[in-house]
Amino acid sequence: GPLATPVDPEADGLAHYRVLVAQPMDLGTVAARVVSGGYANPQEVREDVALVFKNCLLYNGPDHELYKVAKRLAELFDRGYKKVVKAPEHQGMLASRWEHGEVW
């Protein structure tokens, strides 16, 4: 479904997708990388998840239903992430960015 698998611009009829989205990412790829140990730290996971949502928001625009879903999922992910991952100083993140959560 949407966000869970890579976008196939040709098969999905989205010829201009790659014009707008420079670095595609999907949650299935993120999950596979987590399982295989492909991330060095939680921040890398957060960055790729944020990229999934950013791409969706960019491509679909604020009037699209998928935009609204992605925005809500991004907020939920960020809230959950902050509950389970420790403070940022030891992860190389700026405390101000952590506090405000403006990754999306």
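If you read the sequence from its start, that first residue is 1, and numbering goes on from there. These figures come from a predicted structure and were not determined experimentally.
In terms of the side-chain contact (heavy atoms from CB on, under 4.5 Å) criterion, residue partners of Arg33 (sequence neighbours excluded) are, by chain and number, Met25, Thr29, Tyr39, Asp48. Residues meeting the side-chain contact (heavy atoms from CB on, under 4.5 Å) test with Pro9, sequence neighbours left out: Val7, Tyr17, Arg18.
If you chain together hydrophobic residues whose side chains sit under 4.5 Å apart, Leu66 and Leu76 never meet in one group. The hydrophobic cluster containing Val34 also contains Leu27, counting ILVMFWY residues as joined when their side-chain heavy atoms lie under 4.5 angstrom apart, directly or transitively. With hydrophobic clusters built from ILVMFWY side chains whose heavy atoms lie under 4.5 angstrom apart, Val35 does not share a cluster with Val49.
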Q: Please lay out, stage by stage, how Tyr59 and His64 fare under the test side chain to side chain contact (heavy atoms under 4.5 Å, CB included).
A: CA-CA 10 Å; Tyr59 185 78; His64 197 283; over 6 Å; no
Q.
With side chain to side chain contact (heavy atoms under 4.5 Å, CB included) as the criterion, how do Arg72 and Glu75 come out once you've worked through the C-alpha distance, each side chain's angles and the decisive distance to 0.1 Å?
A. CA-CA 5 Å; Arg72 180 70 180 133; Glu75 292 166 358; 3.6 Å; yes
Q: Verify side chain to side chain contact (heavy atoms under 4.5 Å, CB included) between Leu3 and Asp26, making sure each step is shown before the conclusion.
A: CA-CA 5 Å; Leu3 306 178; Asp26 64 275; over 6 Å; no
Q: Apply the test side chain to side chain contact (heavy atoms under 4.5 Å, CB included) to residues Gln23 and Val21: give CA-CA distance (whole Å), side-chain angles for both, the deciding distance (0.1 Å), then the verdict.
A: CA-CA 6 Å; Gln23 187 180 358; Val21 177; 5.9 Å; no
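Asp12 contributes no side-chain N or O that, together with a main-chain N or O of Leu14, makes up a donor-acceptor pair within less than 3.5 Å.
Taking a cutoff of 4.0 Å between a charged side-chain nitrogen and a carboxylate oxygen, Asp78 and Arg46 qualify as a salt bridge.
Considering only heavy atoms from C-beta on, Tyr81 comes within 4.5 Å of Pro42 through its side chain.
One distance of note links CG of Asn60 with NZ of Lys68; it measures 11.5 Å at 0.5 Å rounding.
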